[in-house]
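The block underneath contains the structure these notes are about, expressed in structure tokens.
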Number of protein chains: 2
Amino acid sequence: MSLRQKKIAKKKEDILRTAVSILAEKGYQGTTMEEIASSLLMTKGSVYYYFKDKQDLLYQSQLMLLQQSLINIKTIQQENLPVVDRFKKAMVAHITYLLDEKSGFEMMVKLEQIFSTEQLEEIFQLRNDYEKCFDQLILEGINEEVFEAVEITIVRNTILGAMNWVTQWYSPEGKKDPIEIAETVSGYLTRILVKK
Amino acid sequence: MSLRQKKIAKKKEDILRTAVSILAEKGYQGTTMEEIASSLLMTKGSVYYYFKDKQDLLYQSQLMLLQQSLINIKTIQQENLPVVDRFKKAMVAHITYLLDEKSGFEMMVKLEQIFSTEQLEEIFQLRNDYEKCFDQLILEGINEEVFEAVEITIVRNTILGAMNWVTQWYSPEGKKDPIEIAETVSGYLTRILVKK
DNA sequence: CAGAAAATTAACTTGATATTTAAAAAGTGA
DNA sequence: TCACTTTTTAAATATCAAGTTAATTTTCTG
């Protein structure tokens, strides 16, 4: 990859990062291209030079987030650790990633209203892969009889929900930093699963 | 209250109910006054006859939701039941209310961007009261030594998050109806608290 | 350095939607 | 029925933001 291509890639990623955090904060409709551009000290036109339109920007930022978190969890899953530890690690990674990226994975607008069918498929596929990783960990735990025999889908959704909601209440002014929050919350959530 | 006033109140409530469900689905910016009006078989102008502007509509619908759920939880809190049961009941009420009203309490736009300082105060006050009810139940449980001695605020936020997120994954086509979902989820969440 | 390619910009177009308004319709009490 | 009030409506206005464009500036390359 040439220097120029690297530069373009970097710029695109810069834009995506900023877009992610503004979109997560204000939602799709609430975010203006102007806003994204100006917080990068660019003009709107420049952003359009790199991305086809606003929808494209959102789509690509979703992909970026999902792909990275999928990598995160897959890496953890392969580590040689007891299942409880891997599960906890996955939760901590999830929460810290959310807080770092200031991202709502779902930005609380039904994605169905924004994306095309093909785009939705791609996103749901990734999301599904991600959820499957959690399910896999839970299943392992149940098989090893360290976890209670729960309804996997519901427990997974419950746990993901609790984690995703952290962005709503976490405050940088609070006592705990993101990692401490992540560890505390994961600790409590583990209690849903481990045998008494 | 005269008949006329009752009629007005009823109409306002109709509008609020519809607004709540559309706003919850599409978010503040994604919802048009046209849309709200036409799903009530009214014209936009009529809605403006009852509400000052869109922001006012959102504000009042938030108040309505919060006030009702505050009533719900306070009623439960006063029942003569063991604390675990009251806690579970409060969770079931929370989830079923969310699913019934199809409402995101937070519609994932920072309310700070929409409301005036005074309005925010009112809303945060109500939200705070609501959270305090949960905290109270948790505290009771800890004092009675049926609950583990947890960090109340974090556990409460975690549990509220898990519950609020249900609107993201609940599907009417799924196996369970709202009440079953609410009971199952509450059951799992209780495990965070009860002593092993 | 000169010219080409890439990147940026400001100014515009366009469409959508919140809000206003003035007139029509419906309702009400004498 | 008639005068009056309340409610509804359709049309007008105003604003704001997405997306476009053509011109300009910057960067690259030989």
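Each chain gets a letter, A, B and so on, in the order the sequences are listed, and its residues count up from 1.
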*Calculate the interatomic distance between Ile22(B) atom CD1 and dT17(C) atom C1'; express it in whole Å.*
15 Å

*So which nucleotide from dT9(C), dA6(C), dT19(C) ends up closest to the side chain of Lys44(B)?*
dT19(C)

_I want to confirm an ordering. Mapping Met33(A) and Met42(B) to their closest nucleotides on DNA chain D, which one lands closer to the 5' end?_
Met42(B)

*Residue Tyr50(B), side-chain heavy atoms: nucleotide from dT19(C), dT7(D), dA18(D) that is nearest*: dT7(D)

*Does dA18(D) have OP1 or OP2 sitting under 4.0 Å from an N or O in the side chain of Lys52(A)?*
no

*Greater than 12 external heavy atoms within 6.0 Å of Lys132(B)'s NZ*: yes

*Look at the side-chain N and O atoms of Tyr48(B) and state whether any lies under 4.0 Å from the OP1 or OP2 oxygen of dT7(D).*
no

_Nearest 0.5 Å, please: how far is CD1 in Ile95(B) from CE in Met163(B)?_
6.0 Å

_Please confirm whether the shortest side-chain N or O distance from Thr32(B) to OP1 or OP2 of dA16(C) is below 4.0 Å._
no

*Spacing between Gln29(B) atom CD and dA16(C) atom P, to the nearest angstrom*: 18 Å

*Looking only at atom types and distance, does a side-chain atom of Gln119(A) sit under 3.5 Å from a main-chain N or O of Ser116(A), one as donor and one as acceptor?*
yes

*Are the side chain of Asn164(B) and the backbone N or O of Leu160(B) linked by a donor-acceptor pair below 3.5 Å?*
yes

_Can you see if the side chain of Tyr49(B) gets near the phosphate of dT8(D) - specifically, an N or O under 4.0 Å from OP1 or OP2?_
no

_Lys54(B) NZ to dC16(D) C1', straight-line distance once rounded to whole Å_ = 12 Å

*asked:* Which nucleotide wins on minimum distance to the side chain of Thr43(A), given the candidates dT9(D), dT8(C), dA18(D)?
replied: dT8(C)

*For Phe51(A), report the nucleic acid contact type (base, sugar-phosphate, nothing); a contact means any heavy atom under 4.0 Å.*
nothing

*Nucleotide nearest Lys7(A) when distance is taken to its side chain, options dA18(C), dT27(D), dT8(D)*: dT27(D)

